[in-house]
Amino acid sequence: MTTLARATDTLTRDALTVLQPGFAGTTAPDWLLRRLGEGLASVALFGRNVTSPEQVAALTAQLRAEREDVLVAIDEEGGDVTRLEVRTGSSFPGNHALGAVDDVGLTRAVAAELGRRLAAAGVDFNWAPSADVNSNPDNPVIGVRSFGADTDLVARHTAAYVTGMQSAGVATCTKHFPGHGDTGVDSHHAVPHIDVDADVLAERDLVPFRAAIAAGTRAVMSAHILVPALDPDRPATLSRRILTDLLRGELGYDGLIVTDGIEMQAIAGTYGIERGTVLAVAAGADAICVGGGLHDEGTVRRLSDALVEAVRAGELPEERLADAAERVRALARWTAANRPADGVPDTADGDVGLRAARRALRVTAAEDVAPLTEPPYVAALTPVANIAVGNETPWGVAAELGRLLPGTETGSFHGADAGSEALAAAGSRRIVAVVRDEHRHPWMAAALDVLLAARPDTMVVEMGVPRARPRGGLHVATHGAARVCGRAAAEAIAGV
């Protein structure tokens with residue numbers, strides 16, 4: 001009985017070790033601290049857990065007081081997807097802006113400074129960068145999160161990002177393997193399909209992951225996508241052919257494999273989170289990301305119990321679970337060894353994000369465009385945000401223009417009547433129209449048609465992927481909606 005009890009305890013600890021759960025609140029709940037003592041090795045932070053860097057630092061200190069080697073993970077891409085600055089918008093442009101500049105030294109510097117700030121807050125594991133080649137311009141979930149549509153560009157900037165961030169002691173998690181760029185469906189809602197042959201995948205989508213592996217990325221995140229050329233039956237997260245045979249075997253990767261959020265509908269709606277968790281670990285995943293939507297103790301219990309029961313039923317080899325848990329512990333050892341010993345390094349470059357955002361601007365001006373001299377009306381043509389970006393983070397140019405031109409007014413518009421409503425709200429003021437992925441939203445393009453027909457001197461700021469042709473008295477493409485992108489655009493509009 002003693003041997004059985006000891007084995008059961010080890011099994012339960014391993015099951016807890018492979019989970020990366022979230023929680024509610026800005027301090028650690030009692031159940032989370034208790035689970036850290038029982039074997040939980042990772043904790044995930046989301047926007048709901050963040051009010052300020054100082055608060056996050058206090059939270060991570062609370063977690064490490066319970067378990068010194070706990071991995072603290074976050075989804076901090078910079079740009080449109082920010083958690084550390086979820087209330088204000090990011091101080092760093094995202095991947096698409098960095099790709100537009102195409103200076104790998106700048107990308108490395110941005111990632112290093114973002115990593116430094118994460119490390120200062122006690123975060124040592126970042127679910128970034130996105131290495132997806134945005135080959136489908138209608139992609140609803142990647143877009144500006146990608147460095148671009150060119151494979152080689154994405155590869156070199158992915159490698160630079162990995163090198164920069166890990167120089168700050170923060171482990172990167174390159175995503176979304178084997179590549180989410182050629183999808184027209186958001187895996188938060190359903191299972192996307194990529195229907196191209198294996199040669200295309202090898203020459204396009206896998207190249208940035210090879211570059212990330214060569215650069216030493218400590219983790220890779222799987223995508224909940226079905227790629228029939230690789231596995232016609234199961235999405236990548238649940239596919240042994242993709243995670244073990246391809247990623248570990250063919251690509252020679254030996255670090256941590258993390259799933260995308262297991263509660264996303266691509267998995268939860270098809271397999272359920274318990275079954276999905278077991279299948280993912282059996283396929284070769286080492287850690288289960290959960291907590292974007294489900295963030296309670298019951299979820300942790302359900303998933304750990306499912307893993308334990310699967311081992312006991314012979315559905316999941318105990319050795320596979322033990323190997324997964326050991327890979328999590330190995331990453332924890334790496335982050336502990338690379339954590340700054342004497343606090344945050346004094347090599348901060350606080351302005352690098354704004355410099356990058358300024359360099360990413362693409363400005364197209366009509367010959368007869370009049371400069372903006374009075375406070376304008378900013379009409380934000382606002383699409384529905386995808387789940388990865390969320391709707392908590394402010395975006396646009398109104399706040400930044402208001403600082404440069406006090407008295408600036410603004411409104412948000414959506415739908416078939418957006419153009420006429422914006423015209424009415426603007427009155428006699430000069431209009432600055434702010435859009436996000438105009439090419440993907442017919443209502444948005446129609447609203448711009450209305451505005452420009454009535455007011456040809458309207459200035460247009462595109463804060464998504466700039467696929468639509470530039471138009472308006474002045475057209476500014478920012479390649480992302482980070483706060484610093486808004487500031488750079490405001491400076492261009494105001495001529496400062």
Side-chain angles (χ1 to χ4, degrees), residues 77-82 89-114 128-139 141-165 179-181 204 207-208 211-212 349 351-365 388-389 395-397 400 434-440 459-472 474-493:
E77 299 177 14
D80 291 31
V81 179
T82 179
S90 182
S91 301
F92 304 91
N95 285 2
H96 205 58
L98 296 172
V101 178
D102 194 14
D103 178 342
V104 293
L106 180 65
T107 295
R108 191 179 303 113
V110 166
E113 176 60 18
L114 179 53
S130 169
D132 307 298
V133 179
N134 199 54
S135 53
N136 182 349
D138 293 324
N139 196 311
V141 69
I142 301 301
V144 294
R145 301 168 67 196
S146 167
F147 289 110
D150 178 84
T151 294
D152 291 338
L153 179 145
V154 174
R156 61 179 174 266
H157 285 278
T158 296
Y161 190 105
V162 167
T163 302
M165 181 150 290
H180 210 310
R204 182 187 67 188
V207 172
D349 186 357
D351 293 330
V352 68
L354 180 58
R355 295 201 310 271
R358 288 169 174 159
R359 289 181 62 185
L361 291 187
R362 299 294 180 267
V363 180
T364 306
V389 172
W395 68 284
V397 301
E400 298 295 340
V434 185
V435 298
R436 206 167 180 173
D437 291 341
E438 179 198 343
H439 69 283
R440 292 202 302 112
M459 296 179 169
V460 180
V461 180
E462 169 62 86
M463 304 195 81
V465 178
R467 293 276 302 182
R469 63 180 177 83
R471 51 185 178 149
L474 186 76
H475 186 278
V476 181
T478 62
H479 301 89
R483 176 173 51 81
V484 285
C485 295
R487 178 174 171 181
E491 292 171 348
I493 291 169

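As the structure is a prediction and not an experimental result, all values here were calculated from the model.
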For [X] and [Y], which heavy atoms make the closest approach, and how far apart are they?
{"X": "A468", "Y": "H439", "answer": "N-CB, 4.1 Å"}
{"X": "S146", "Y": "D132", "answer": "OG-O, 2.7 Å"}
{"X": "G78", "Y": "S90", "answer": "CA-OG, 3.7 Å"}
{"X": "A489", "Y": "V397", "answer": "CB-CG1, 3.9 Å"}
{"X": "S135", "Y": "P137", "answer": "O-CD, 3.4 Å"}
{"X": "A111", "Y": "Y161", "answer": "CB-O, 3.4 Å"}

Could you give the distance from [atom1] ([X]) to [atom2] ([Y]), rounded to the nearest 0.5 Å?
{"X": "C485", "Y": "L361", "atom1": "SG", "atom2": "CG", "answer": "7.5 Å"}
{"X": "R487", "Y": "R358", "atom1": "CZ", "atom2": "CZ", "answer": "5.5 Å"}
{"X": "T158", "Y": "L153", "atom1": "OG1", "atom2": "CG", "answer": "9.0 Å"}
{"X": "R145", "Y": "H180", "atom1": "CZ", "atom2": "NE2", "answer": "8.0 Å"}
{"X": "R204", "Y": "D152", "atom1": "CZ", "atom2": "CG", "answer": "13.5 Å"}
{"X": "R440", "Y": "N139", "atom1": "CZ", "atom2": "CG", "answer": "7.5 Å"}

Inset, instruction - Examine distances only and state if a side-chain atom of N95 and a backbone atom of S130 form a donor-acceptor pair shorter than 3.5 Å. - result: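 Flag set: sc N95 to bb S130 pair under 3.5 Å.
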Inset, instruction - Flag the pair F92 / V352 as yes when at least one side-chain heavy-atom distance between them is below 4.5 Å, and no otherwise. - result: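 Result yes, sub-4.5 Å side-chain heavy-atom pair found.
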Inset, instruction - Would you indicate whether the side-chain heavy atoms of T82 and R483 approach each other to under 4.5 Å? - result: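 No - every pair of side-chain heavy atoms lies 4.5 Å or more apart.
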Legend entry - D103 and its side-chain contact (heavy atoms from CB on, under 4.5 Å) partner, picked from R359, H157, R108: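 For D103, the side-chain contact (heavy atoms from CB on, under 4.5 Å) test succeeds with only one of R359, H157, R108, which is R359.
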Legend entry - Residue from R469, R471, M463, R467 passing side-chain contact (heavy atoms from CB on, under 4.5 Å) with E438: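 So, applying the side-chain contact (heavy atoms from CB on, under 4.5 Å) to E438 and each of R469, R471, M463, R467, only R471 qualifies.
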Legend entry - Step-by-step side chain to side chain contact (heavy atoms under 4.5 Å, CB included) determination, E462 to T478: CA-CA 6 Å; E462 169 62 86; T478 62; over 6 Å; no
Legend entry - side-chain contact (heavy atoms from CB on, under 4.5 Å) involving A211 - partner list, sequence neighbours excluded: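 Scan of A211 (side-chain contact (heavy atoms from CB on, under 4.5 Å), adjacent residues dropped) gives A155, A159.
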Inset, instruction - For R355, look at atom CZ and say whether over 12 heavy atoms of other residues, nucleotides or ligands are found less than 6.0 Å away. - result: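 Yes, the 6.0 Å shell around CZ holds more than 12 heavy atoms from other groups.
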Legend entry - H96 and V465: CA distance, side-chain angles, deciding distance, side chain to side chain contact (heavy atoms under 4.5 Å, CB included) verdict: CA-CA 8 Å; H96 205 58; V465 178; 3.9 Å; yes
Inset, instruction - Kindly indicate, with the supporting measurements, whether the criterion side chain to side chain contact (heavy atoms under 4.5 Å, CB included) is fulfilled by L98 and H479. - result: CA-CA 9 Å; L98 296 172; H479 301 89; over 6 Å; no
